[in-house]
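Remarks on the structure that follows.
Just so you know, ligand 1 is whichever comes first in the structure, and atom 1 is the first atom listed for that ligand.
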Amino acid sequence: MSASKETEGAVAVITIRNPPVNALSQQAVESILKVLKEVQFDPAVKAIVICGENGKFSAGADIRTFENIGQKSDSLSHFLEDVNSMAEKSEKPVIAAIEGVALGGGLELALGCHYRVAHVKARLGLTEVLLGIFPGAGGTQRLPRLIGLLPALEMITTGKIVFAPVALKLGLIDSVTEDNTIKAAIHFAQNVIGKPLESRRLCTKPIQCPPNMETIFNDSKIKLKKLFHGAISHQLCVEAIRAAVQLPFAEGILKERELLFSIFNSEQARDQAKARQYAFFAERRVTKWTTPSGANWKSASPHPIGVAAVIGLGTMGRGIVVCLAKAQIQVIAVEQDGKQLEMGRKAVTKILERETLTMQQRGLALMSDSFGSITFTLDFNSLKNADLVIEAVYENMALKKEIFKQLSSICMPEAFLCTNTSGLNIDEIASVTGRPHLVIGTHFFSPAHIMKLLEVVRGYHSSPTTISTVINLSKVLGKIGVVVGNCPSFVGNRMMGPYLHQAIFLLEDGCYPEEVDKVLEEFGLAMGPFRMSDLVGLDVGWRSRMESGLTGPKLLPGALVRQREGKRYSPLPDILCEKGRFGQKTGRGWYQYETVGGRNAVPDPWVQNFLHDYRKAHTIKQKPTSQNEILEWCLYPLINEGFNVLEEEIASGPEDIDVIYNNGYGWPRHMGGPMFYASMVGLPKVLTKLEVFYENNPDIPSLKPSGLLKKLVKQGSPPLKEWRSQLGYQNSKL
Ligand SMILES: C/C=C(\C)C(=O)SCCNC(=O)CCNC(=O)[C@H](O)C(C)(C)COP(=O)(O)OP(=O)(O)OC[C@H]1O[C@@H](n2cnc3c(N)ncnc32)[C@H](O)[C@@H]1OP(=O)(O)O
């Protein structure tokens with residue numbers, strides 16, 4: 001872990017070496033500083049190039065050393081700023097040769113250089129804010145001076161990453177190359193030897209500011225609050241940039257330091273930073289999957305997928321086709337109905353056109369012909385050419401089994417067969433094929449071409465190669481695949497069940513949808529339970545409840561209105577559906593909408609009257625409920641189900657659950673995920689609350705505290721990273 005120096009004529013090349021991503025640890029920064037000093041004093045050196053080993057400039061400060069976040073990232077930033085300042089003040093031109101990534105402190109280092117040359121595929125960004133901190137090595141002071149206030153404000157406050165061609169347009173870099181970046185930077189260096197450097201030092205540059213700066217800062221804070229809810233670091237970024245425009249450079253640097261330090265002095269901001277950094281590592285952790293039987297990410301190699309097929313071109317199928325094509329995989333898109341096929345083709349083409357435009361705007365010269373080719377067909381026999389098939393028809397077990405029977409005889413014997421389901425039994429589907437080891441569940445989230453999460457549902461017989469292939473495919477598609485076990489509703493939706501029931505019980509007891517949603521949205525969830533249900537469509541759950549006899553014609557005569565098999569049941573959503581209120585799609589649900597399909601949820605006096613009449617009819621006394629009670633009543637049962645999921649080995653660790661919630665259910669990353677949140681609240685507190693809830697509501701079984709939660713509390717509530725060792729997985733042959 002070091003920086004080394006070589007010379008190419010009069011140009012010294014300093015290479016940062018800290019695999020795998022040349023992260024800037026204390027040691028790496030010390031080493032760069034030492035070599036930089038050396039070359040400053042070497043009379044034979046007339047220019048300096050800084051680059052990173054193995055095609056990566058630097059992914060910024062070494063997050064692994066942030067364990068003790070209070071001190072490390074703070075002092076590391078100061079130290080890095082010393083290096084940046086030394087490069088900036090150098091009398092010899094310093095050129096950053098950027099390959100791969102220049103992120104966080106990596107880009108701050110490049111900003112200290114006088115020039116920046118980047119490879120066309122390089123990505124640049126000040127991503128610190130996404131880790132709950134912000135650029136503290138001069139980034140907030142230098143970037144606005146280089147590219148102007150507005151683009152800098154956007155990049156710093158959102159952690160946006162730009163590709164080199166866009167960076168060139170912004171003026172963030174000076175040159176883009178498609179060839180060897182280091183050679184190009186050396187050549188560039190040779191041409192600037194002896195040229196004046198004063199105008200290249202960002203610390204001396206004034207910032208071009210529009211007249212309405214205060215409005216810009218205030219609007220930005222409001223927008224960030226909406227986008228990132230209660231996340232503090234985004235707000236602090238605005239303050240640091242305000243300092244950049246109001247203060248001379250040196251004072252701005254001191255203010256940046258002071259603001260960064262304020263994060264470590266505030267318990268809330270520190271916890272948010274911890275949560276974000278945990279979420280970052282949790283996403284890497286889930287790629288190292290394990291199963292209760294002892295299979296794991298090392299036990300099998302993935303098969304490459306050249307040709308994939310998608311069956312069914314409804315909303316999900318279309319999104320999946322787009323994902324595959326964007327990953328340059330050849331796609332066979334199959335429908336059984338000509339009209340549906342045509343509609344699917346048009347929808348896919350439209351999405352791909354939009355994607356092409358976005359890619360071009362992001363500086364990627366990706367034209368539609370660089371997508372994987374798509375064949376739209378009614379011919380099931382064309383599936384014989386596919387390496388992997390994803391069935392994406394609607395949720396109906398009989399239909400899925402019929403399709404899998406056909407696939408089993410049509411497809412190549414080694415082809416993988418995936419079913420896109422949000423909760424059906426994978427083993428039952430696999431049982432009709434002659435190759436259950438190649439069958440697996442792929443639960444995509446809607447819209448499938450946008451949502452990052454993929455629940456990869458292992459069946460009893462799914463082979464390690466099958467799991468490995470689908471996890472690898474998820475990476476190729478730019479998604480995060482999380483391996484989960486096969487149980488009704490898998491992990492994410494299963495945990496949603498108790499949460500949604502609790503929210504509905506609150507309505508019976510006296511709350512209104514907008515009140516409950518407000519509390520959960522202020523907590524940071526992208527959508528409260530009622531706005532979310534309106535978006536998904538209330539009819540989805542209604543049909544499944546009718547199917548299972550909880551309501552509708554199959555309901556046994558004599559069933560109590562608010563009870564099913566001795567358990568508390570609320571008929572409220574059923575009644576709404578009977579009245580044709582399915583949510584956004586009908587313009588009415590828990591809320592009213594301006595039009596059918598409208599998105600702007602407005603509290604509906606009809607719902608309020610309806611709830612009032614319902615409570616009266618059932619002589620329910622309206623109970624006042626505080627915001628905190630709403631939060632605990634809804635979230636603790638969701639967390640409790642998470643512990644059940646762990647105990648039953650459906651998820652292999654708390655990180656898996658948290659990654660699912662952060663990427664599929666709008667859980668705020670600055671709260672880490674439900675299991676991380678539970679660890680921050682304190683397991684004894686969660687347990688005690690659940691015990692009280694259950695004692696007072698013995699007819700709600702999901703309130704019964706999970707055995708694992710009780711066990712962990714009994715053991716003194718060990719930190720989250722030790723929970724795995726309490727699970728059955730410890731017996732697996734890893
Ligand atoms: C103050 C704070 C300052 C000055 C900072 O700079 S904070 C850090 C800001 N940097 C970032 O936010 C970048 C974080 N990293 C990434 O976005 C990505 O890892 C990547 C784009 C750099 C590479 O992505 P990819 O190719 O998909 O690979 P992985 O994400 O799997 O990463 C490979 C391994 O590298 C580890 N890693 C990545 N970045 C860092 C880092 N900054 N510090 C320490 N380690 C890092 C990552 O965890 C993977 O490790 P393993 O899982 O393989 O052990």
Side-chain angles (χ1 to χ4, degrees), residues 1 16 18-29 32 52-84 98-112 121-143 155-156 158-163 233 236-237 240 256-257 259-264 269-270 273-274 276-289 297-298 452 471-472 474-481 655 659 669:
M1 188 197 298
I16 309 167
N18 187 10
V21 290
N22 299 321
L24 300 169
S25 60
Q26 181 87 11
Q27 208 181 335
V29 178
I32 301 169
E53 183 182 49
N54 284 335
K56 293 183 181 85
F57 185 73
S58 168
D62 193 332
I63 315 167
R64 287 168 299 194
T65 64
F66 284 7
E67 189 92 352
N68 175 7
I69 179 150
Q71 298 306 317
K72 279 285 185 189
S73 56
D74 186 27
S75 54
L76 191 64
S77 286
H78 298 177
F79 193 29
L80 181 59
E81 169 51 15
D82 291 344
V83 176
N84 299 343
I98 303 171
E99 293 176 293
V101 286
L103 299 177
L107 180 54
E108 291 186 280
L109 172 61
L111 290 171
K121 289 191 176 154
R123 292 174 284 162
L124 302 90
L126 291 176
T127 46
E128 288 94 332
V129 73
L130 301 175
L131 296 168
I133 42 182
F134 71 85
T140 63
Q141 306 303 300
R142 287 194 179 89
L143 192 66
M155 280 187 75
I156 295 170
T158 64
K160 178 179 169 180
I161 294 176
V162 295
F163 283 86
S233 55
L236 289 177
C237 286
E256 182 190 76
R257 233 165 241 198
L259 287 166
L260 183 58
F261 194 66
S262 75
I263 292 189
F264 310 117
R270 224 174 30 229
K274 267 190 206 160
R276 293 254 187 150
Q277 289 160 30
Y278 159 82
F280 174 83
F281 285 114
E283 280 175 11
R284 272 86 203 151
R285 179 73 179 82
V286 299
T287 60
K288 301 181 169 77
W289 56 271
W297 62 292
K298 288 187 217 151
K452 285 201 81 149
I471 284 291
N472 190 56
S474 70
K475 190 152 192 188
V476 171
L477 300 184
K479 297 198 181 293
I480 304 174
E655 297 89 348
V659 168
R669 287 176 85 85

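In this structure a side-chain-to-backbone donor-acceptor pair under 3.5 Å is missing from Glu256 to Ala240. Panel note: side chain Asn54, backbone Pro19; no donor-acceptor pair is recorded below 3.5 Å. A donor-acceptor pair is defined here as one N or O able to donate and one able to accept, closer than 3.5 Å; such a pair exists between the side chain of Asn18 and the backbone of Ala23. Under a 3.5 Å cut-off, the side chain of Glu108 and the backbone N or O of Ala137 do form a donor-acceptor pair. A donor-acceptor contact shorter than 3.5 Å links the side chain of Arg270 to the backbone of Phe264. In this structure, Asn22 contributes its side chain and Glu53 its backbone to a donor-acceptor pair below 3.5 Å.
Taking a 4.0 Å cut-off on heavy atoms, Glu283 fails to register as neighbouring ligand 1. Under a 4.0 angstrom heavy-atom cut-off, Ser77 registers as being in contact with ligand 1.
Taking every non-hydrogen atom of Pro20 and a distance limit under 4.0 Å, the qualifying atoms of ligand 1 come out as 34 (C), 35 (O). Distances below 4.0 Å separate heavy atoms of Lys288 from the following atoms of ligand 1: 51 (P), 52 (O), 53 (O). Near Phe280, with a cut-off below 4.0 Å to any heavy atom, the atoms of ligand 1 are 14 (C), 15 (N), 16 (C), 19 (O), 38 (C), 39 (N), 48 (O). With ligand atoms numbered from 1 in the order given, ligand 1 contributes 6 (O), 9 (C) to contacts under 4.0 Å with heavy atoms of Gly104. Taking every non-hydrogen atom of Leu103 and a distance limit under 4.0 Å, the qualifying atoms of ligand 1 come out as 13 (C), 17 (O), 21 (C). In the vicinity of Val21, heavy-atom distances shorter than 4.0 Å reach the ligand 1 atoms 35 (O), 37 (N), 38 (C), 39 (N), 40 (C), 46 (C).
Of the candidates Ile161, Leu107, Thr158, Leu107 is the only one forming a side-chain contact (heavy atoms from CB on, under 4.5 Å) with Leu126.
For the pair Arg276 and Phe280, the NZ or CZ position fails the cation-pi test of under 6.0 Å to the six-membered ring centre and within 45 degrees of the ring normal.
Of the candidates Gly478, Gly60, Ala137, Ala59, it is Ala59 that places a heavy atom closest to atom 22 (C) of ligand 1. Among Leu80, Ile263, Thr127, the residue whose heavy atom lies nearest to atom 12 (O) of ligand 1 is Thr127.
Considering backbone and side-chain N/O of Gly105, one or more are found under 3.5 Å from N/O of ligand 1. The shortest N or O to N or O distance between Ala61 and ligand 1 is under 3.5 Å.
Looking at heavy atoms from C-beta onward, Glu655 lies out of side-chain contact with Lys288 at the 4.5 angstrom threshold.
Counting heavy atoms under 4.0 Å from ligand 1, residue Lys56 does not touch it at all. Within the 4.0 Å heavy-atom criterion, both parts of Asp62, backbone and side chain, lie near ligand 1. Here Glu108 has side-chain heavy atoms under 4.0 Å from ligand 1, and that is the only part of it that gets that close. Contacts of Leu131 with ligand 1, taken as heavy-atom pairs under 4.0 Å, involve the side chain alone. Proximity of Leu130 to ligand 1, defined as any heavy-atom pair under 4.0 Å, is not found for any part of the residue.
Arg669 and Glu283 are joined by a salt bridge, as a carboxylate oxygen and a charged side-chain nitrogen come within less than 4.0 angstrom of each other.
Contact record, Phe57 with Ile16: O-CD1, 4.1 Å, taken as the closest heavy-atom pair.
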